Structure formats: structure tokens, C-alpha cells
Protein chains: 2
Amino acid sequence: MTTIKDVAKQANVSVATVSRVLNQKGYVSKESEEAVKKAIKILNYQPNAVARSLYHKTSGIIGLFVPDISNPFFPELARAVEDAATAEGFTVVLCNTDNKQDKEQKYIQVLQQKYADGLIIVTGTESVEHILSTHIPVVALDRYISEDIPTVVSSNKQGAIDATEHLVEQGCTFIAHLRGPIGVTSADERYEGFKQVIEKHSIAHVVIDSGFEIGQSEMATRKLLEMYPSIDGIFASSDVTAAGAMRAAYKCHKSIPTDIKVIGFDGISLGEMLTPALSTVQQPIYDMGERATKLLMTMIEKKELQSYRHEFKTKLTIRETSVGGE
Amino acid sequence: MTTIKDVAKQANVSVATVSRVLNQKGYVSKESEEAVKKAIKILNYQPNAVARSLYHKTSGIIGLFVPDISNPFFPELARAVEDAATAEGFTVVLCNTDNKQDKEQKYIQVLQQKYADGLIIVTGTESVEHILSTHIPVVALDRYISEDIPTVVSSNKQGAIDATEHLVEQGCTFIAHLRGPIGVTSADERYEGFKQVIEKHSIAHVVIDSGFEIGQSEMATRKLLEMYPSIDGIFASSDVTAAGAMRAAYKCHKSIPTDIKVIGFDGISLGEMLTPALSTVQQPIYDMGERATKLLMTMIEKKELQSYRHEFKTKLTIRETSVGGE
DNA sequence: CTGAAAGCGCTTACAG
DNA sequence: CTGAAAGCGCTTACAG
């Protein structure tokens, strides 16, 4: 590869002045500038990012921590993050943590050694102090981690209220809630919303932990439907678990939406691929990923943050699983 | 951050000997080694990857080029790549190209400036010469790009043959093929396989280009079903387009598998989330991603490759959309 | 076995 | 306006 030295030689100036025109910093005469630019063109020179990195102690790299990119919620987020990062000249490193602390820590170590500039965390993390001790800027996405970490979330509770009210309006009289893992804040908040509406209308209901995976949720729903054949509405804590519920209904020969109405949460594109198409509470996934990335950028620039909590409104999206069918 | 100098001072040796114990290279006395190790522990020293990178002209970074990580086929591949890369101490940078040449080139430039060690390409690319001109090792995954680039694919044609034969065995008499974009080798090969079986049995059929996206495929299928109401079998070139076909059938009040049998291709987890569960031709996605990564690693080590073409067998996976229903 | 020195490719005070 | 020099944090001939 051609280096700054080659350019300097070609342009008949010192490397310092090449550097000056590269960075548009310091005084350079018109003639020198021209000569350097010409040399750069001739040699097709591109500055070495690693050398720059060594001097500046920054890398233009951000780490994106997700539990598992194959879970369909994360790719849409990842896409947004990557778009926003690229737009600002940053590069994103994908980190699948499986929610394992040792993996997280390994990634953090590697990224720190590479002068990573920031981290976006979409994982429940046990390594809060460890992360903060690196002094790398961090933002939490779709998860609350700690007071000290800027957070981008959606209105989980209100979304759950909307979903449950909708089921009630559709005439459901016995509603099951497939809740996400206890301790995951978003799952807890969705459960809160559900409970509030149920209590307000005093509707028969049942709650079960269905994890975040489809297999688990299908099994859980199946059990539920066998125990309580009169269940006529299901509010799932995620679209993936809603898909599991739909499978279970199918296996139990219940038809959707005729016998059972179903609504999910997230608004991932999976919902539109299902038949019938899944009603859901739409999080503005792309916007959230974009916002998180932009927040991170402003932290990297060491600017003040307006706010440490960014909550996006969810939107009730009625498709086919929750309406009609008589 | 603490540097090698700090360690040297702490251990009362020169930075050279610290470097030697770090890299386990060259002679170091037992005593010096002990002292250095102790100092490293005390100071919690971690070598600076950027400085190493500058000297070695390598970075431990590989770029993963996909059209769009939100398309559900790619996350499963990305997961495999990331796992295999991490296992070898590499880090993966996610690059969404949208199949746009300018984006590809931008990423290539940035990665080259960072001393990226290798590229895995899961995109139809127009930049072959540009890529090769960087001299960065490359492998093509699920796509054939050029003779000069090692390729990991599955047996697309045989898979398509199996799928079509299966539909015939199930008694389909008028089969539609939703083919992928012309010019994408995997789509072309799948079409070849379909055609071969159809001709062998001289079965009524129709072929339409359905792209790789669900919306397009739903629309295409709908038109098809309106024009040819006697279609009773659909072989889709991907699981995503199969999902679109299922949606279309639903809209046209055709029941699956009773009225129409459907089979997809890919074997992504989406298939199991659908109701009824999608029959498909399973590619060993994870294994393919892993293989591609390992090939890349051996290229990075400048070892000889056994072979430039790695073809994985597909597996016919019968679930619910293609059998029974009478 | 060990250290001083040069070098990887940049950037930026500093002196002129 | 410009260049020589030091420095970012490592590694590795080279000399001893």
C-alpha cells in the first residue's frame, strides 16, 4: 500500500504538509495543496486507518451486543444501527452474547484493545460495572440496564394496555398472557399493562412464562389450551411467542381469529409473513436503533446528552389474528 | 490504559523482553519471565491491538457482506460466521450492501484501510475486480462469484429436484414454481432442477419470478392462482417467498395442504413458525457459514486450499404444508 | 539471555 | 507557510 511518505515524495513536500492537507488543518499554501492532491490522485492514496487509530486512540468501531442475531427481533435493530453508524463513518462489530457473561466480557476486552469508540447493548447484562469501568460510551437499547446508561425503549406498558383493551373490545372473555422472562424489564412492563386492563374489566385470565422462543411458547400455549379450553384471547409478549401460540392453536384445532384472537408485540416483519397476519403492538424498531446509535455518537463526541431516557410510542397494528372471523 | 512501557518498568526489564514473554518468542530467562508475568497481573495489562495491527498489517477483522441482515436468511448465516470467527479470535464487521455497488465499494475501502484480514460475501457483487485488486482474501457464500473465489454452496439443483418430486408424489398435477431472480446462480439452479422433474413427468406447470421478498411473492402467487385456479402445488425458491405464497392462498380461500401443497427452500427457522409448518429443502445453513469462515481463516494463514468449491447436501424436510389434508 | 534502536504510518506541537 | 522530530504502543532484527 502506498503511504503518506510516498505521497510526500511525489508531491515534493514533507509528510507533515501532506498530513495537513489530508486533515485540512494548519496552513498550507495553494501550491502545496494542489501538489499534494495531485499526488494523492496519482498514487490512489488512502490514509491508513490503523496508524491514525494509534495516534488518536479511537477506531471508528462500535460494538453491537445482541443475545443472538438469529432471533428475528435483532436483525431489524441491527440494520438500523448499522445504517446510522455507517452514515457517520463508523463501523459495527457484531457480538452475539447468548446472554452469557463470559462472552460479553470477552467481547468487551477485545473491543477495548481495538480502541472501540462505543457499545450498543441489546442484552440483559451482568457486567454493568465491568462495562462502565472501561469508560467506553454505552447505550442500552430495548433494555434498561442502569441509571448511568442512556436508554432507548418503547412504551411497553401502554402498548400492552392497548393490546389487552383491544382483545377486550373484540369480545374476548378469557384472556391468556404469554409473558416474557421475569426480570427483563420490557417483559415485566408488558405484564403490568396486561394486568391493569384485566383488573379494570375484571376479566378471566391466566398468565404463563413463555420465554422468548417459539418452541417454549408453543408448548406453554398448548398446555394452557388443554387446561382452559375456553380461552378466547391471547396476548403474547413478543411476535415470536405469538407465532408459537398460533401453532399451538392450530394443533388444538382452534381457528384464529374465530375461536381465539391473538395479538403479539414488537412489530417485526415475521408478523406479516404469518397466515393469518399477526395483529401486534408495533415498536418503531428502526427508529429506536437509529436513535440509540445517534445518542452513542453524541456521547463519543463528548457532548452533553439532552436526556438519558428515550421512550418511543408503540402503535397498535390490527391485522388478521384479532378481528372478525364470525 | 497501561502500556508495555509500564509493564517493563514494573518488572525492571526492557520493553523488548516484555514483548518476548507476551509473544512467547525468543529467549527469556525464567526470572525475567516471572517478573513480567507478575507485572502484567499487577497492572492488569492488555496489549494494544491497534499497535500490533500497525506493525503486523493485520487486524483480526473480517467483513461480512450481506444484502440486508433483516432478510431472515442472513442472520442464521451471520451467526455461524460470527461463532466460527470468534472461536479463532477474529471479529466480524457487519456490512449491509443492499446489493448496491457503491455501498460495497465503500465498505471495501473502509475495511482495507483498517487492515481487514478477509471478506465473506453473501451478495451478488459487481465489484469482483475491485475486490480482487485489494488482495484481501475472500470467500463467496451461498453465491458463486468467480472462478478465482472459493465458494460454499448447497446442492441447489438436487434440492429442487427433491422438492418437485415430492410434490409430484403427493399427487400434484399442476405445479407453480416461484423462482428467484434470474442471474442469481442459486435461483437459476433451483429452476433447472424444477424444470427437469416437470419435464420428466410432463406435468402441467407455470413459472414466475417472485424475487426474494414476501410482498412480491404474495402478489405474484395471487395473480397465478386467479389465472390458474387448478394449481395444486407450489415450489417456492425460498422459505420467505413460500410464506408469501401461503398468504396468497389464504386470501384466495385455498386451504393448505388440502387444496394446495407448498414447499419452500432454505430451511430457515421461519418455516417452523408458520402455520401450518412449512415443508422445505433444508440447506445446512450453519455448517455453510462455518465452513466459509474456516476456509477464509486458512486463506488468511496463506495455506493452500484443498478445493475451491464446497457443496453441501440439502435435505428434504417434510412438515405440514405438503402432506395430507384430504 | 537482554536492551537500544529502528520501524509500522500517521499527527501535531515546535521552531523557523 | 513548512519541515524535522517526537510520539502513539507495539515488534523484531541487531549487537552484545
Side-chain angles (χ1 to χ4, degrees), chain A residues 1-37 39-40 43-61 89 109-117 134-135, chain B residues 1-40 43-61 89 109-117 134:
Chain A
M1 265 184 46
T2 94
T3 74
I4 197 172
K5 264 191 191 169
D6 304 320
V7 177
K9 200 170 294 174
Q10 173 79 226
N12 239 291
V13 297
S14 73
V15 297
T17 107
V18 177
S19 179
R20 287 195 188 97
V21 350
L22 247 28
N23 299 293
Q24 309 192 55
K25 201 180 264 182
Y27 297 94
V28 182
S29 70
K30 267 266 175 291
E31 298 84 62
S32 301
E33 188 177 343
E34 291 304 309
V36 169
K37 285 188 172 164
I40 288 175
L43 300 175
N44 187 224
Y45 168 72
Q46 291 174 349
N48 181 313
V50 175
R52 285 183 157 176
S53 202
L54 183 59
Y55 182 87
H56 283 122
K57 299 184 195 299
T58 65
S59 62
I61 288 176
Q109 192 200 111
V110 170
L111 287 170
Q112 183 166 222
Q113 291 184 100
K114 287 194 195 307
Y115 281 146
D117 295 324
T134 63
H135 296 115
Chain B
M1 267 183 44
T2 93
T3 74
I4 197 172
K5 264 192 190 167
D6 304 321
V7 177
K9 199 170 295 173
Q10 173 78 227
N12 238 291
V13 297
S14 73
V15 297
T17 105
V18 176
S19 180
R20 287 193 189 98
V21 349
L22 246 28
N23 299 293
Q24 310 192 56
K25 200 180 266 183
Y27 297 93
V28 181
S29 70
K30 266 266 175 290
E31 298 83 62
S32 300
E33 189 177 344
E34 290 304 311
V36 169
K37 283 189 171 164
K38 201 168 139 195
I40 287 175
L43 300 175
N44 186 223
Y45 167 73
Q46 290 174 348
N48 181 314
V50 175
R52 285 183 157 176
S53 202
L54 183 59
Y55 181 88
H56 284 123
K57 299 182 194 300
T58 65
S59 62
I61 288 176
Q109 192 201 110
V110 169
L111 287 169
Q112 183 167 221
Q113 292 185 96
K114 287 193 195 304
Y115 282 144
D117 294 324
T134 62

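The chains referred to below are lettered A, B, ... by the order of the sequence lines, with proteins before strands, and numbering in each begins at 1. Note that the structure is predicted; figures quoted are calculated from it, not measured.
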Inset, instruction - Using a 4.0 Å heavy-atom cut-off across all strands, classify B:Ser19 as base, sugar-phosphate, or nothing. - result: base
Inset, instruction - With heavy atoms under 4.0 Å as the rule, sort B:Ser32 into base, sugar-phosphate or nothing. - result: sugar-phosphate
Give the rounded distance in Å between these two atoms: [atom1] of [X] and [atom2] of [N].
| X | N | atom1 | atom2 | value |
| --- | --- | --- | --- | --- |
| B:Arg20 | D:dG9 | CZ | P | 21 Å |
| A:Tyr27 | C:dA13 | OH | P | 14 Å |
| A:Gln112 | D:dG9 | CD | C1' | 15 Å |
| B:Asp6 | D:dC8 | CG | C1' | 13 Å |
| A:Lys9 | D:dG3 | NZ | C1' | 16 Å |
| B:Gln24 | C:dC1 | CD | C1' | 17 Å |
| A:Tyr55 | D:dC10 | OH | P | 17 Å |
| A:Leu54 | D:dC10 | CG | C1' | 8 Å |

Inset, instruction - Once you apply the 3.5 Å cut-off to both distances, tell me the Watson-Crick or G-U wobble partner of D:dC14, or none. - result: C:dG3
Legend entry - C:dC1 to D:dC10 separation - P atoms, rounded to the nearest Å: 25 Å
Candidates [options] - which lies nearest the side chain of [X]:
| X | options | value |
| --- | --- | --- |
| A:Val13 | D:dG3, C:dC10, C:dT2 | D:dG3 |
| A:Ala16 | D:dG9, D:dG3, D:dT12 | D:dG3 |
| A:Thr17 | D:dC8, D:dT12, D:dG3 | D:dG3 |

Legend entry - Residue whose nearest DNA chain C nucleotide is more 5′ - B:Gly26 or A:Arg52: B:Gly26
Legend entry - Earlier contact from the 5' end, DNA chain C, for B:Ala51 and B:Val15: B:Val15
